[in-house]
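Starting off with a structure, shown below.
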Amino acid sequence: MHTIEIQTQAFSDQKPGTSGLRKKVKTFQLEHYLENFIQAIFNTLGDCSNQTLALGGDGRYFNREAIQIILKMAAANGIPRIIVGQGGILSTPAASVLIRKCKLDGGIILSASHNPGGPEDDFGVKFNIANGGPAPEKFTEQIFSHASVIKAYKIMDSDDIDIDTIGEYALQDMIVEVVDSVADYADLMEQLFDFDRIKALFESGMFTMAFDAMHAVTGPYAKEILERRLGAEPDTVMNGVPLVDFGGHHPDPNLAHAKQLVEKMNSASAPDLGAASDGDGDRNMILGPGIFITPSDSLAVIAANAHLLPGYASGLSGVARSMPTSMAVDKVAERLGIECYETPTGWKFFGNLLDAGRITMCGEESFGTGSDHAREKDGLWAVLFWLNLVAAKQKSVETIMHEHWQLYGRNYYCRYDYEAVDKTAAEQLVQDLRDQSAQLAGASYGDYRIMTCDDFRYSDPIDNSVSEHQGIRILFSNGARIILRLSGTGTVGATLRIYFERYESDSERLDRDADEILQPLIEIAKQITQLEKKLDRDQPSVIT
Ligand code: G1P
Ligand code: ZN
């Protein structure tokens with residue numbers, strides 16, 4: 001067993017996006033591709049001799065092979081200790097929790113989140129820092145710089161490590177500690193939520209739930225927490241066995257991809273709570289019988305009721321939402337008299353606010369919700385929150401949502417995604433809008449008058465770093481908004497996302513169909529952008 005140095009050439013496309021480097025599996029399998037990127041991470045860390053790391057992934061195709069390569073490279077780069085989830089499995093929130101609990105210096109998470117998996121689909125690598133959260137932009141930019149000029153990488157010439165058996169192994173001078181992937185995470189959930197109360201709810205025989213793990217990483221976590229620790233019926237977890245290709249589906253918990261669950265929740269025999277999580281366990285979807293809770297509303301309900309739950313009984317220091325997320329939580333913050341921050345899309349922007357204690361909770365419209373217990377969004381955490389809420393209030397999901405709207409008003413909301421469109425055309429469309437923004441201010445479309453149109457720019461209140469071009473905002477005088485931005489996680493062409501929002505406080509108008517309420521805004525967006533012509537699409541690929 002010895003260290004070897006392999007000569008390599010840089011790839012020009014190793015720039016991390018919204019959430020790490022995501023590419024087709026076939027790209028990661030190119031000779032030296034994964035190795036170059038991992039070496040670029042180690043080069044960014046600098047002296048690795050005092051860096052202890054976590055390592056694990058969502059179990060998708062190529063996870064196990066990548067883990068072995070990374071372990072051998074970590075040893076060759078002088079990392080003294082690395083903690084690996086058993087079988088190479090760690091959900092993204094569990095990895096964040098592990099880094100924090102064990103006071104590690106960071107972690108490498110292998111995941112392409114909600115993107116499909118399998119030999120023809122996606123893989124991803126992400127680096128998280130010591131606070132348990134995604135590396136900030138200045139760090140990922142350094143990774144990219146190193147990856148762009150890399151000439152060699154270091155790796156051990158050694159046998160594979162047994163990652164399936166819990167225990168400690170030596171790889172040259174490095175200790176590999178294989179740990180239970182679920183236990184630490186489940187223990188933390190037990191501290192945050194009132195497990196006795198939730199258990200009593202399940203034992204009452206008056207309450208059932210369905211959790212769709214979508215054949216992804218949360219299966220074992222949900223079985224342990226919901227079925228074993230909380231006593232839910234054994235068939236509560238659907239699609240609970242993780243598969244390397246997620247059974248051929250998109251592991252994305254939304255109305256389009258979690259079809260089986262949605263049908264169940266719309267059927268006569270619907271359980272009282274329906275929930276799902278994504279490929280790596282950081283997203284969540286919440287449903288009641290016949291009702292879908294938008295992630296933006298979910299964040300608002302969670303913030304408004306946090307004080308009822310043990311982990312948050314002392315109240316919230318503040319909240320934050322990504323810019324395209326609906327402004328429902330702003331109303332809650334106003335009433336609570338706490339700060340509400342608006343950040344660019346991507347969880348990494350919440351890190352500084354959480355670390356500085358400025359916020360306790362945060363969320364994104366893209367099915368992400370979380371709190372200061374981790375530095376990643378956390379799917380099961382949100383599900384447990386709703387479960388605890390139903391148990392504490394003894395009210396249905398629907399009633400909780402309706403009572404919230406009565407008190408705060410309702411932010412009707414939806415998102416259109418135009419996936420895999422021509423990249424140049426999509427970039428041009430956004431640029432055209434940018435060029436038009438000054439003229440758009442003051443323009444009227446029926447009852448809607450544009451107040452301002454700008455390109456969102458964020459100045460981080462903690463480190464003063466500035467992030468430009470974070471999405472075009474068209475803001476109307478009645479408070480409605482249309483937001484447009486290009487996705488930073490896609491792997492084919494470009495994806496244009498358009499977000500529509502309209503606030504309604506008239507108690508007679510809280511139960512309308514969101515499509516109907518938002519239709520005028522959708523038409524305005526089409527008219528202003530000419531997107532159907534420019535992108536050659538007459539329908540969005542997905543509506544959420
Ligand atoms: C998408 C979501 C964003 C989320 C990210 C990672 O990024 O929109 O909110 O943080 O996935 O889960 P996008 O593809 O829009 O850049
Ligand atoms: Zn995810």
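Counting begins at 1 with the first residue of the sequence. In listed order, ligands and their atoms are each counted from 1.
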Atom 7 (O) of ligand 1 [closest protein heavy-atom partner, distance rounded to 0.1 Å]: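 Heavy-atom neighbour on the protein nearest atom 7 (O) of ligand 1: T489 CG2, 3.6 Å.
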Which of the atoms in ligand 1, numbered in the order shown and given with their element, are less than 4.0 Å from a heavy-atom of R485?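 What qualifies from ligand 1 is 8 (O), 13 (P), 15 (O), 16 (O).
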Could you check whether S371 and Y312, counting side-chain N and O atoms only, form a donor-acceptor pair closer than 3.5 Å?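 Per modelled atom types, Y312 and S371 side chains form a pair under 3.5 Å.
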Measuring from the heavy atoms of G346, does anything fall under 4.0 Å of ligand 1?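 True for this residue.
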Going through the checks in order, is the side-chain contact (heavy atoms from CB on, under 4.5 Å) test met by E419 and S487? CA-CA 9 Å; E419 293 176 348; S487 155; over 6 Å; no
If we ignore angles and hydrogens, is there a donor and acceptor under 3.5 Å between the side chains of Q530 and D432?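 Note: Q530 and D432 side chains miss the donor-acceptor criterion.
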Heavy-atom nearest neighbour in the protein, as seen from atom 6 (C) of ligand 1, with distance rounded to 0.1 Å: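 Going atom by atom, the protein heavy atom closest to atom 6 (C) of ligand 1 ends up being K377 NZ, 3.5 Å.
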Flag yes if more than 12 heavy atoms outside D463 fall under 6.0 Å of its CG atom; otherwise flag no.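 Atom CG in D463 is crowded, with more than 12 foreign heavy atoms closer than 6.0 Å.
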Tell me yes or no: between the side chains of D378 and H373, is some donor less than 3.5 Å from an acceptor?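 Their side chains do contain a donor-acceptor pair, which is all the 3.5 Å distance test asks for.
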Check T369, T343, T345 against E364 for a side chain to side chain contact (heavy atoms under 4.5 Å, CB included) and give me the one that passes.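 Answer after filtering T369, T343, T345: T345.
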By residue and atom, what protein N/O/S atoms are less than 2.8 Å from the Zn ion (ligand 2)?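 Only S113 OG, D278 OD2, D280 OD1, D282 OD1 fall inside 2.8 Å of the Zn ion (ligand 2).
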Ligand 1-proximal atoms of S487, by part, heavy-atom distance under 4.0 Å: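 Both backbone and side chain.
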Less than 6.0 angstrom from the centroid, inside 45 degrees of the normal: does K348 satisfy that with respect to the ring of F139?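 Because its charged atom misses either the 6.0 Å distance or the 45° angle limit, K348 does not stack over F139.
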Which residue owns the protein heavy atom closest to atom 11 (O) of ligand 1, what's the atom, and how far is it?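 Ranking protein heavy atoms by distance from atom 11 (O) of ligand 1, first comes R283 NH2, 3.1 Å.
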Strictly by modelled atom types, are D180 and Y185 linked by a side-chain donor-acceptor pair under 3.5 Å?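 On atom types as modelled, these side chains do not qualify, holding no pair under 3.5 Å.
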Taking only heavy atoms of R497, which atoms of ligand 1 are found under 4.0 Å from at least one of them?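 Those of ligand 1 that fall under 4.0 Å from R497 are 8 (O), 13 (P), 14 (O), 15 (O).
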In terms of residue, atom name and distance, what is the protein heavy atom nearest to atom 9 (O) of ligand 1?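 I find the closest protein heavy atom is S366 OG, 2.6 Å.
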Does a donor on one side chain and an acceptor on the other come within less than 3.5 Å for T360 and S317?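 Checked: T360/S317 side chains pair up, N/O donor to acceptor below 3.5 Å.
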If we check side chain to side chain contact (heavy atoms under 4.5 Å, CB included) with L110, which of these qualifies: D280, I70, I89, D58?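 Exactly one candidate clears the test, I70.
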Which ligand 1 atoms does G488 reach within 4.0 Å, using its non-hydrogen atoms?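 Selected atoms, number and element: 13 (P), 14 (O), 16 (O).
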According to salt bridge (Lys or Arg N to Asp or Glu O under 4.0 Å), who are the partners of D105, at least two apart in sequence or on a separate chain?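 Once residues adjacent in sequence are excluded, D105 has no partner under the salt bridge (Lys or Arg N to Asp or Glu O under 4.0 Å) criterion.
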Which residue holds the protein heavy atom closest to atom 10 (O) of ligand 1, what is that atom called, and what is the gap in Å?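 The closest heavy atom on the protein side is E364 OE1, 2.7 Å.
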So if I count the atoms of ligand 1 from 1 in the order they appear, which ones are less than 4.0 Å from some heavy atom of T345?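 Counting from 1, the qualifying ligand atoms are 3 (C), 8 (O), 9 (O).
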